[in-house]
Amino acid sequence: MKVWLRIFLVGLAAVLPAVGQDAAALRRERDGLIERGLWKDAVTFYQEKLSPLSDGESGNDLGKAVEALARLSDAKGFDALVEESVAGHRENPEVLLAAATAYAGAVKHGAIVAG
């Protein structure tokens with residue numbers, strides 16, 4: 001019984017720092033990555049830590065992640081990132097507006113074939 005309690009407490013101690021970090025601290029950390037030009041790290045940080053948050057700043061978070069993808073010239077990751085964000089935040093109007101803005105500003109490659 002004591003062994004299971006110790007295992008539980010160790011596992012809980014490993015998870016709590018990430019859960020206990022407030023959104024403002026996470027956003028400051030993301031902004032630090034962006035200021036240093038670590039675009040890939042900023043996208044990964046968004047996907048792992050900021051994407052689960054749903055508040056008034058979540059749309060801005062998505063916008064910055066999309067901007068980081070654009071800096072990486074990663075058009076293939078764009079659709080997946082935006083679709084995952086929308087799927088996870090269907091009730092958050094800021095995320096939906098940021099997704100619509102991202103799609104409107106996305107680079108479009110295409111051609112009309114046969115008229």
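What you see below is based on every heavy atom in this structure, not just the backbone, and it leaves out hydrogens, waters and symmetry mates. Since the structure is predicted, the reported quantities are computational estimates derived from the model, not experimental observations.
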Check your understanding: Is there a donor-acceptor pair closer than 3.5 Å between any side-chain N or O of S85 and the backbone N or O of A99?
Key -> no
Rounded to the nearest 0.5 angstrom, the CH2-OG distance for W39 and S73 is 12.0 Å
Sequence neighbours excluded, the answer for side chain to side chain contact (heavy atoms under 4.5 Å, CB included) partners of R28 is A24, A25
The side chain to side chain contact (heavy atoms under 4.5 Å, CB included) partners of L38 (sequence neighbours excluded) come to L33, R36, D41
Interatomic distance, CD@E29 vs CZ@F45, rounded to 0.5 Å, equals 4.0 Å
Salt bridge (Lys or Arg N to Asp or Glu O under 4.0 Å) pairs touching residues 76-95, sequence neighbours excluded, are none
Sequence neighbours excluded, the answer for salt bridge (charged side-chain N to carboxylate O under 4.0 Å, His left out) partners of D31 is K64
With sequence neighbours left out, the residues meeting side chain to side chain contact (heavy atoms under 4.5 Å, CB included) with A98 are L62
The side chain to side chain contact (heavy atoms under 4.5 Å, CB included) partners of E67 (sequence neighbours excluded) come to R71
Of all heavy-atom pairs linking I34 and A42, the shortest is CG1-CB, 3.9 Å
By side chain to side chain donor-acceptor pair (under 3.5 Å), S54 pairs with (sequence neighbours left out) H89, N92
Quick note, salt bridge (Lys or Arg N to Asp or Glu O under 4.0 Å) partners involving residues 51-60, not counting sequence neighbours, are R27-D55
Rounding to 0.5 Å, atoms CG (L26) and CG (L50) come to a distance of 5.5 Å
Review point. Is there a chain of hydrophobic side chains (I, L, V, M, F, W, Y, each step under 4.5 Å between heavy atoms) that links L97 to V82?
Key: no
